[in-house]
Amino acid sequence: MAGLQQTNSEKILLSWVRQLTRNYPQINVINFTTSWSDGLAFNALLHSHRPDLFDWNAVVSQQSPVQRLDHAFNIARQHLGIEKLLDPEDVATACPDKKSILMYVTSLFQVLPQQVTMEAIREVEMLPRHSRVTREEHIQVHHQHHYSQEVSCFTFLFSFCCSKVFLSLTYPVNL
């Protein structure tokens, strides 16, 4: 089940998400599947960066998961220039597609502030690992060969992006 292991790039991305959503008590992102299906995590990422764009409490209390997802994707498109790569109905499921969530969150990572602390990375490393493989994860692994080219491209782009962030944190450029 090596395909289900979390890569270093995923750990950095998850650390970044958890760091930005820390002040939202309704949010506890622990993975790139079920943690995103209600739409709150996407909205929290956007709200943490641009609280002026919408009323957080209105999104939490008055909208369904599909409405919250649609709201987040529309805000990201209108104000951050991120195309609506996902359909809300595809994410508002019991187990959304991990690769799709990763791709969209990576798009957010590229345009939002990227300061990931070592504390946040250590926190992710301490998250419990699921020893039981869910049916959806088994199906994902079984069909993994269909997506190998796309995953290779994503991994390269995400690793490149994370390398740039790491280098800029390690070797800041003085003007």
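Excluded from the calculations below are hydrogen atoms, water molecules and symmetry mates; all remaining heavy atoms, backbone and side chain alike, are included.
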#### Entry: Passing candidate, side chain to side chain contact (heavy atoms under 4.5 Å, CB included) with S48, options T21, L112, L20
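Of all the options given, the one that passes is L20.
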Minimum side-chain heavy-atom gap [X]-[Y] below 4.5 Å:
X   : Y    : value
I30 : R18  : yes
H79 : F54  : no
I82 : Y104 : yes
W56 : L46  : no
L45 : F109 : no

Exercise: identify the closest heavy-atom pair between [X] and [Y]:
X    : Y   : value
A41  : S35 : CB-O, 3.8 Å
A72  : F42 : CB-CB, 3.6 Å
L108 : A76 : CD2-CB, 4.3 Å
L69  : G39 : CD2-CA, 3.5 Å
P96  : S37 : CG-CB, 3.9 Å

### Task
Indicate, with yes or no, if V66 and F73 share a hydrophobic cluster defined by side-chain heavy-atom contacts under 4.5 Å among Ile, Leu, Val, Met, Phe, Trp and Tyr.
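No, F73 does not connect to V66 through the hydrophobic network.
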Check for a donor-acceptor pair, side chain of [X] on one end and backbone N or O of [Y] on the other, with a separation under 3.5 Å.
X   : Y   : answer
T33 : K98 : no
N43 : R68 : yes
N57 : S61 : no
S64 : Q67 : yes
D90 : L86 : no

What's the spacing between [X] [atom1] and [Y] [atom2] if we round to 0.5 Å?
X    : Y    : atom1 : atom2 : result
L40  : Q63  : CG    : CD    : 9.5 Å
I12  : Q19  : CD1   : CD    : 12.0 Å
T106 : E10  : OG1   : CD    : 9.0 Å
F32  : I101 : CZ    : CD1   : 9.5 Å
D70  : I75  : CG    : CD1   : 10.5 Å
D38  : Q26  : CG    : CD    : 9.5 Å

